[in-house]
Asker: 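Structure below; questions to follow.
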2 protein chains.
Amino acid sequence: MKIEDIAEYLKNNGIKPSYQRVRVFEYLIKNKNHPTVDMVFRALVGEIPTLSKTTVYNTLKLFAEKNIVIVINIEDNEIRYDADTSVHGHFKCEKCGKVYDFQFDEENLNIKTIEGFDFRQTHLYIKGICKNCKMNY
Amino acid sequence: MKIEDIAEYLKNNGIKPSYQRVRVFEYLIKNKNHPTVDMVFRALVGEIPTLSKTTVYNTLKLFAEKNIVIVINIEDNEIRYDADTSVHGHFKCEKCGKVYDFQFDEENLNIKTIEGFDFRQTHLYIKGICKNCKMNY
DNA sequence: TATAATTTTGTAACAATTTCAAATATGATA
DNA sequence: TATCATATTTGAAATTGTTACAAAATTATA
Ligand SMILES: [Mn+2]
Ligand SMILES: [Mn+2]
Ligand SMILES: [Zn+2]
Ligand SMILES: [Zn+2]
């Protein structure tokens with residue numbers, strides 16, 4: 001998505017594109033780093049000095065309600081956000097802390113014992129050591 | 001596992017089987033309800049009036065370190081615990097809040113783009129509506 | 001028994017998040 | 001443009017879940 005299209009995208013999803021909302025969404029699609037609220041706030045408050053952390057909380061919560069971001073709970077002490085809403089997995093490296101995306105075959109999961117349940121969201125999380133950290137230590 | 005075997009099981013995993021630790025582990029294997037710290041505390045404080053919530057925190061953290069419980073982060077506002085350490089998935093019903101176990105084929109995930117990474121833990125979480133809630137509403 | 005080590009307990013500290021009301025910005029109406 | 005209504009942002013205070021810590025209690029050792 002291009003920066004110019006963000007306001008339109010928000011509108012199409014029932015969100016009024018205020019300046020702060022556009023800037024938060026822009027941060028997500030530009031960086032793709034699965035940031036926490038604090039990471040978004042610290043990255044933007046330099047350019048938007050009046051920005052409140054409450055606004056970042058409100059904005060990301062609104063985005064999640066409108067389903068234009070995914071909430072990532074791979075770690076119990078931090079909530080991360082992702083503007084890529086397609087089905088994909090997340091790998092968190094226990095050494096460097098980076099969160100990687102990966103693809104997997106949802107159809108082949110062959111899920112048993114919860115037939116007849118309605119699936120709304122699927123999250124696959126893997127923790128371990130990334131290739132880069134394995135080589136450098 | 002039988003109640004009588006808990007102390008032995010804790011010992012075999014490097015944990016001194018204090019009264020509180022045995023009772024917390026007993027709760028987990030008897031109920032299999034993926035409880036939060038608060039649920040364990042409220043369930044036990046009636047029978048163990050001197051029990052401190054700090055002890056429940058300490059105990060479950062110790063169990064997790066010694067790998068006799070799994071930490072479940074299916075929701076961002078609650079940490080749940082599971083004494084079943086086998087690989088299995090968790091489904092949380094958005095209506096009744098119950099967390100169900102399910103089996104899946106880990107081998108068939110066909111994970112791409114993170115080749116060469118070391119996998120330490122895999123968590124598969126699904127959220128939706130359970131069969132029971134679908135029928136009753 | 002005396003002593004040392006471990007565990008439990010309760011309070012205080014801490015950090016993340018939510019609540020809330022005032023201030024600000026935006027949009028509509030006249 | 002001026003006025004009014006609505007929506008959004010802001011910052012402080014409140015709340016919540018968790019951790020740190022030191023004293024008290026328990027258990028193990030000599
Ligand atoms: Mn992602
Ligand atoms: Mn389970
Ligand atoms: Zn790494
Ligand atoms: Zn249900």
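By convention in this document, chain letters (A, B, ...) are assigned in the order of the sequence lines, proteins followed by strands, and residues within each chain are numbered from 1. Side chains included, hydrogens not; waters and symmetry mates left out as well; all remaining heavy atoms used.
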Asker: Contacts to DNA chain D from residues 12-25 of chain B, heavy-atom cutoff under 4.0 Å, which residues?
Answerer: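 The stretch gives none, as no residue of it lies under 4.0 Å from the strand.
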
Asker: Please identify each residue that fulfils side-chain contact (heavy atoms from CB on, under 4.5 Å) with B:Asn110, with sequence neighbours left out.
Answerer: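 In terms of side-chain contact (heavy atoms from CB on, under 4.5 Å), with neighbours along the sequence ignored, B:Asn110 is linked to A:Asp105, B:Lys112.
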
Asker: Nearest whole Å is fine: how far is C:dA16 C1' from A:Arg42 CZ?
Answerer: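 In whole Å, C:dA16 C1' lies 14 Å from A:Arg42 CZ.
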
Asker: Around B:Lys95, counting heavy atoms of other residues, nucleotides and ligands shown, do more than 12 lie under 6.0 Å from its NZ?
Answerer: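 More than 12 heavy atoms, drawn from other residues, nucleotides or ligands, come within 6.0 Å of this atom.
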
Asker: I want to check one thing: is the phosphate of D:dT10, taken as OP1 and OP2, less than 4.0 Å away from some side-chain N or O of A:Thr50?
Answerer: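 Indeed, a polar side-chain atom of A:Thr50 lies that close.
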
Asker: Going by the rule side-chain contact (heavy atoms from CB on, under 4.5 Å), which residues pair with B:Glu26 if we only count those two or more places apart in sequence or in a different chain?
Answerer: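 Once residues adjacent in sequence are excluded, the partners of B:Glu26 under the side-chain contact (heavy atoms from CB on, under 4.5 Å) criterion are B:Ile3, B:Ile6, B:Arg23, B:Lys30.
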
Asker: Could you identify which residues cluster with B:Met39, counting Ile, Leu, Val, Met, Phe, Trp and Tyr as linked when any side-chain heavy atoms lie under 4.5 Å apart, either directly or through a chain of such contacts?
Answerer: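 Members besides B:Met39: none; it forms no cluster.
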
Asker: Return the set of residues passing side-chain contact (heavy atoms from CB on, under 4.5 Å) with B:Ser86 (not counting sequence neighbours), or none when no residue passes.
Answerer: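 Listed in chain order: B:Asp84, B:His88.
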
Asker: Angle between the end axes of the helix from C:dT1-D:dA30 to C:dA30-D:dT1, five pairs per end, to the nearest 10 degrees?
Answerer: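 It works out to 10° between the end axes.
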
Asker: Please list all pairs passing the side chain to side chain donor-acceptor pair (under 3.5 Å) test where one or both residues lie in residues 5-18 of chain B, with sequence neighbours left out.
Answerer: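 For residues 5-18 of chain B, and leaving out neighbouring residues, there are no side chain to side chain donor-acceptor pair (under 3.5 Å) pairs at all.
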
Asker: Rounding to an integer number of Å, can you tell me how far B:Lys11 NZ sits from C:dT7 C1'?
Answerer: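 Result: 17 Å.
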
Asker: Under 3.5 Å, which donor-acceptor pairs do the side chains of residues 53-60 of chain B form with other protein atoms, sequence neighbours left out?
Answerer:
from, atom 1, to, atom 2, distance (Å)
B:Lys53, NZ, B:Asp38, OD1, 2.5
B:Asn58, ND2, B:Thr54, O, 3.3
B:Thr59, OG1, B:Thr55, O, 2.6

Asker: In this structure, how many angstroms lie between the P atom of D:dT9 and the CG atom of A:Leu60, rounded?
Answerer: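 After rounding, the gap between these two atoms is 12 Å.
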
Asker: Give the table of side-chain donor-acceptor pairs shorter than 3.5 Å for residues 69-77 of chain A, with sequence neighbours excluded, one pair per line with atom names and distance.
Answerer:
from, atom 1, to, atom 2, distance (Å)
A:Glu75, OE1, A:Lys92, NZ, 3.3
A:Glu75, OE2, A:Lys127, NZ, 3.3

Asker: With sequence neighbours left out, write down each residue that passes salt bridge (charged side-chain N to carboxylate O under 4.0 Å, His left out) with A:Arg21, or none if nothing qualifies.
Answerer: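 Checked A:Arg21 against salt bridge (charged side-chain N to carboxylate O under 4.0 Å, His left out); zero matches.
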
Asker: Side chains of residues 115-122 of chain A: which donor-acceptor partners sit under 3.5 Å, not counting sequence neighbours?
Answerer:
from, atom 1, to, atom 2, distance (Å)
A:Arg120, NH1, B:Glu94, OE1, 2.9
A:Gln121, OE1, A:His123, NE2, 3.0
A:Thr122, OG1, A:Glu106, OE2, 3.3

Asker: Quick one: B:Leu44 CG to C:dT8 C1', roughly how many Å, whole number?
Answerer: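 That distance rounds to 15 Å.
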
Asker: Taking all non-hydrogen atoms of both residues into account, name the closest pair between A:Ser52 and A:Phe41 and its distance.
Answerer: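 What the structure gives for the nearest pair is C-CE1, 3.8 Å.
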
Asker: Each nucleotide in nucleotides 16-23 of chain D should get exactly one letter: B, S or -. Can you fill that in based on protein heavy atoms under 4.0 Å?
Answerer: -SBBB---

